[in-house]
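Reading through the structure tokens given below for one structure.
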2 protein chains.
Amino acid sequence: MGVTIKDIAAKAGVSTCTVSRVLNGRGKKVSADTKLRVLRAAEQLDYRPNIIARSLVQRRTWQIGLVIPSLQQPVMSQIIEGVHVAAQELGYSIVSCATCADKKREAEYLDDLHTRGVDGLVWLPPNLANLKVAQSLAASVPIIQGFRKIAGLDAPYVILDNTKGGFKATMHLIKLGHRKIAHLRAVGEEGEERYQGYKQALKQAQLPIEQELIIPTGFGWAFGYKSALRMHSRGLLSGPDPVTACFACGDMTAWGAIQAFRSLGLRVPDDMAVVGFDGLPISDEMEIPLTTIAQPGIEIGRLIVRYLHQIIEGEGEGVNSLTLDPKLIVRSSCGADKAYLEDKLTRLSIKGGQEE
Amino acid sequence: MGVTIKDIAAKAGVSTCTVSRVLNGRGKKVSADTKLRVLRAAEQLDYRPNIIARSLVQRRTWQIGLVIPSLQQPVMSQIIEGVHVAAQELGYSIVSCATCADKKREAEYLDDLHTRGVDGLVWLPPNLANLKVAQSLAASVPIIQGFRKIAGLDAPYVILDNTKGGFKATMHLIKLGHRKIAHLRAVGEEGEERYQGYKQALKQAQLPIEQELIIPTGFGWAFGYKSALRMHSRGLLSGPDPVTACFACGDMTAWGAIQAFRSLGLRVPDDMAVVGFDGLPISDEMEIPLTTIAQPGIEIGRLIVRYLHQIIEGEGEGVNSLTLDPKLIVRSSCGADKAYLEDKLTRLSIKGGQEE
DNA sequence: TTGAAAGCGCTAACAA
DNA sequence: TTGTTAGCGCTTTCAA
């Protein structure tokens with residue numbers, strides 16, 4: 001059906017071997033004349049190399065497996081985008097697998113990826129269920145973990161320093177003069193680390209760590225909303241020494257909390273300063289632009305693929321696990337940047353729809 | 001390196017051909033005895049088939065290409081998830097390409113997918129730039145378009161009936177007794193169709209189509225917020241005959257509008273009923289659960305892959321383009337379901353964090 | 001029911 | 001600089 005190097009060889013009057021050399025041999029000696037003839041023949045015939053055949057003999061597919069637990073998470077989407085971009089830059093295709101946090105599906109995917117002979121594997125926060133599968137896989141395919149790491153899996157990772165992020169967020173509030181700072185604390189690894197950062201900041205500022213200011217919650221708007229209401233019902237928001245600031249485990253949680261605070265009559269940031277965590281694009285769109293800790297998702301994705309490429313190329317010694325430093329994005333929800341808020345509100349009020 | 005059927009053949013004392021027959025020949029005649037020996041040998045050797053080699057001879061990769069314009073869009077993520085799920089069910093891997101709405105990248109991806117010999121291609125709302133590339137590709141690879149369709153590309157599609165969605169949304173408001181219904185209208189194909197639905201509903205109810213009630217806007221929180229403020233500044237929200245309902249082009253736009261309405265002192269849904277469009281998961285999480293038109297993203301994704309599979313299998317005659325009927329999800333932002341809202345608020349107030 | 005042999009399209013030693 | 005040849009691992013006629 002398709003045009004093969006044989007056809008080109010015939011048309012150009014050379015051997016298939018020469019064709020191969022011209023078409024992909026880097027720096028191999030071919031006379032300028034034959035080269036030209038081959039190239040012209042290839043173009044005239046509209047030749048496309050058969051990657052399958054090449055993979056078979058080279059034992060390299062130029063495909064990278066990507067294991068994703070959930071597509072519905074914004075930060076994850078950014079990492080995935082970064083992975084795609086870097087992969088394309090380096091010439092890899094992405095074979096993507098959406099496990100939907102299902103252990104069985106994950107195991108099947110891992111097996112399939114192995115069988116397919118991908119050159120490497122990007123594994124985003126895994127279900128932890130298939131450690132054995134993962135270990136045996138890691139023995140034959142380079143793996144990089146991203147976003148989170150699996151305890152017990154000996155593969156490099158690129159993750160965010162959640163602890164430092166929690167520290168920065170809390171320290172920002174402390175520097176603004178807040179002394180009574182609540183934390184909306186999520187369960188799970190990330191939540192725990194962010195909480196540790198919160199504690200470290202308080203400690204460094206020699207502020208007491210008060211258990212009643214630590215509100216158990218989760219990721220999502222509703223969690224934040226509920227938590228804020230609970231703070232209210234516990235009397236934390238009023239009285240002589242009320243909570244004046246709040247570090248939420250995530251942006252959506254922060255949003256829920258902010259709306260609850262406002263429905264309770266508190267002004268944000270004047271009565272209550274709020275810091276989020278994630279740096280979702282939407283956090284800058286809302287009425288009160290959210291001060292937050294940015295997760296450089298796209299950058300994480302790119303780094304993962306670059307590392308993976310290095311390992312595939314046999315330069316694995318240069319690759320170490322990486323824990324990225326998060327950035328604090330100061331906007332308006334803490335009152336640190338009043339101008340930002342005013343500007344935002346002006347933009348919102350003055351401008352109309354798309355036609356302007 | 002790896003175990004091949006040769007090894008199995010040797011161990012089982014048969015020919016490679018027999019091994020192949022046992023391992024994948026469906027219903028081919030092999031004696032139970034040899035079959036058992038082969039199977040056992042394969043297991044002992046921990047054999048994994050080399051898919052590359054198989055693809056080479058079968059001219060089938062069991063891979064489907066997936067072209068995605070943006071990963072950051074919630075509805076898109078749902079479609080992508082559906083695509084993945086159905087693909088895994090049918091035995092395909094997904095080679096995914098994130099074009100980031102970049103025409104050059106899209107062209108490169110399309111070319112790569114072609115060269116890689118994918119069995120089929122799922123093309124989500126494309127950049128329209130590469131119609132020629134697409135057409136030549138469509139000549140050699142089955143393609144299904146999803147989410148939107150490209151004018152001029154002769155490939156089946158699975159999309160949502162945006163017009164009908166707009167109709168249903170508007171009709172819902174009409175049935176609730178609203179007579180002065182604004183529309184937050186987005187530019188672009190989808191926006192246009194939803195707007196058509198809005199007009200059709202008004203027409204059918206013999207209500208006038210008033211240009212001043214049609215507010216140009218876009219998709220996103222800030223657009224909705226601005227548009228609502230603009231309605232206010234134009235005096236549409238007060239006076240003897242104020243607007244009492246609003247159909248927004250998208251959920252996020254609806255959210256922005258709702259927040260603006262409330263900051264203007266209007267109650268939702270009592271003073272202002274709002275319908276969105278998209279059915280984002282988050283729309284049920286917020287303070288006032290949003291009545292909206294659901295885009296069955298996951299279902300769209302599944303259908304796309306099933307259709308594609310049919311075509312690949314040569315059953316293409318049974319495949320027609322499909323325009324899905326959207327569903328109205330009645331929640332609380334229109335006042336149609338007060339109980340829902342009350343229940344929601346109760347849940348939000350009573351329950352706390354994750355520990356309960 | 002089984003095996004021998006050819007070949008999918010390409011690359012890479014080794015010769016020429 | 002170029003060609004010959006032998007595979008990569010698998011499937012698949014065709015013959016036994």
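Bear in mind that the values here come from a model prediction, so they are computed numbers and not experimental data. Quick note: numbers below take in every heavy atom, side chains included, and nothing from hydrogens, waters or symmetry partners. So that the names make sense, note that chain A is the first sequence line, chain B the second, and so on, each numbered from 1.
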### Query
Is a side-chain donor-acceptor pair under 3.5 Å present for B:E81 with A:Q72?
yes
### Query
Side-chain N or O of A:S20 less than 4.0 angstrom from OP1 or OP2 on C:dT11?
yes
## Note on the structure
Between CG of A:L23 and P of C:dA12 the distance, given in whole Å, is 13 Å
### Query
Are B:Q63 and A:V95 close enough that some pair of their side-chain heavy atoms sits under 4.5 Å apart?
yes
Any N/O pairs under 3.5 Å between the protein and nucleotides 5-8 of chain C? List them or say none.
from  : atom 1 : to    : atom 2 : distance (Å)
C:dC8 : O3'    : B:R59 : NH2    : 2.4

### Task
Among D:dT11, D:dG3, C:dT1, find the nucleotide with the atom closest to the side chain of B:S31.
C:dT1
### Message
Between A:S55 and C:dC10, is there a contact of a side-chain N or O with OP1 or OP2 at under 4.0 Å?
### Response
no
### Message
Rounded to whole Å, how long is the line connecting atom CD1 of A:I5 with atom C1' of D:dT2?
### Response
14 Å
### Query
Taking OP1 and OP2 of C:dT11, is either one under 4.0 Å from a side-chain nitrogen or oxygen of A:N24?
yes
#### Entry: Stepwise side chain to side chain contact (heavy atoms under 4.5 Å, CB included) check, A:L124 with A:L66
CA-CA 8 Å; A:L124 300 182; A:L66 173 62; 4.1 Å; yes
### Closest to the B:T18 side chain, choosing from C:dG3, C:dC10, D:dC10
C:dG3
### Message
Is there a side-chain contact between B:Y157 and B:L322 in this structure, where contact means two heavy atoms from C-beta onward sitting under 4.5 Å apart?
### Response
no
### Task
Would you kindly give the CZ-to-C1' distance between A:R60 and C:dC10, to the nearest whole Å?
16 Å
### Query
So does A:R48 reach the base of C:dG9 with its side chain, donor to acceptor, closer than 3.5 Å?
no
Expected list for residues 3-14 of chain B: side-chain donor-acceptor pairs under 3.5 angstrom, two or more places apart:
from  : atom 1 : to    : atom 2 : distance (Å)
B:T4  : OG1    : B:K6  : N      : 3.1
B:D7  : OD2    : B:T4  : N      : 2.8
B:K11 : NZ     : B:Q44 : OE1    : 3.3

## Note on the structure
A:R21 CZ to D:dT1 C1', in whole Å, measures 8 Å
### Query
Can you tell if the side chain of A:W123 reaches within under 4.5 Å of the side chain of A:I150, non-hydrogen atoms only?
yes
